[in-house]
Amino acid sequence: MRVRSLSVQTPLGSVEDVSFDVHVGECVGLFGLRGSGTAAIADAVAGLVKPSDGDIELDGAALQAGTRTLPSSAESATSRRTVNARGFVPTLGVAENLTLPILERLSSWGIVSGARRDSVANGLVRRLEIVTSGGDQLVAELSGGNQQKVVVGRALAGSRLSSSS
């Protein structure tokens with residue numbers, strides 16, 4: 001992932017001209033005081049907010065600024081549930097949350113393959129070092145840091161990074 005000249009203004013903090021790279025196998029942590037802009041950067045990278053300037057690329061392809069990668073079939077499946085402001089469904093398990101953006105890829109005739117879902121989710125849990133008792137654990141039960149990792153995992157689910165070892 002490559003972030004260049006990112007500028008974001010949100011009620012949670014604002015940042016100007018932030019650039020960084022994240023390579024396969026790396027895990028980047030953002031830290032700072034409340035309002036320092038770390039949440040704004042994470043939200044922009046995850047597609048929860050639209051940056052005012054800058055570029056975000058994944059595998060060399062520009063990501064659509066300010067859009068989440070939740071397909072319409074997943075939106076209808078979750079419409080009866082509350083989606084957290086940070087981009088996850090607290091009443092769903094870790095595996096379900098991680099794979100929401102790629103339900104079509106994991107389905108045959110509209111039925112999600114549990115084995116395929118678990119394979120992708122387990123790979124993301126390992127790669128991002130999400131501390132969980134298992135794929136069925138509700139995301140609401142995770143620590144804040146692990147909830148953030150689930151949001152990042154969802155953003156990465158459709159990329160080659162989710163299936164890399």
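Everything quoted here is computed from the prediction, not taken from an experiment.
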Quick one: side-chain contact (heavy atoms from CB on, under 4.5 Å) partners of Val18, sequence neighbours excluded? Leu6, Val15, Phe20, Ile41
Taking only residues two or more places apart in sequence or in another chain, which ones pass side-chain contact (heavy atoms from CB on, under 4.5 Å) with Ser143? Asn146
Once side chain to side chain donor-acceptor pair (under 3.5 Å) is applied, do any residues pair with [X], and if so which ones, sequence neighbours excluded?
X: Asp118; result: none
X: Glu57; result: none
X: Gln9; result: Glu16, Ser52

Shared hydrophobic cluster, [X] / [Y] (ILVMFWY, side-chain heavy atoms < 4.5 Å):
X: Ile56; Y: Leu30; result: yes
X: Val22; Y: Val125; result: yes
X: Val112; Y: Val94; result: yes

Heavy-atom side-chain contact between [X] and [Y] under 4.5 Å:
X: Leu106; Y: Val120; value: yes
X: Ser19; Y: Val3; value: no
X: Asn97; Y: Arg154; value: yes

Can you give me the closest heavy-atom contact between [X] and [Y], atom names plus distance?
X: Leu142; Y: Gln147; answer: O-NE2, 3.4 Å
X: Arg117; Y: Ala95; answer: NE-CB, 3.8 Å
X: Leu156; Y: Leu128; answer: CD1-CD2, 4.4 Å
X: Gly153; Y: Leu98; answer: CA-CD2, 3.7 Å

Gap separating the CG atom of Leu92 from the CD atom of Gln137, nearest 0.5 angstrom: 13.5 Å
Taken to the nearest 0.5 Å, the spacing of Thr91 OG1 from Glu96 CD works out to 8.5 Å
Consider only side-chain N and O atoms of Arg116 and Ser108, and report whether a donor and an acceptor are under 3.5 Å apart. yes
Keeping to residues at least two apart or across chains, list the salt bridge (Lys or Arg N to Asp or Glu O under 4.0 Å) pairs with something in residues 1-10. Arg2-Asp21, Arg4-Asp21
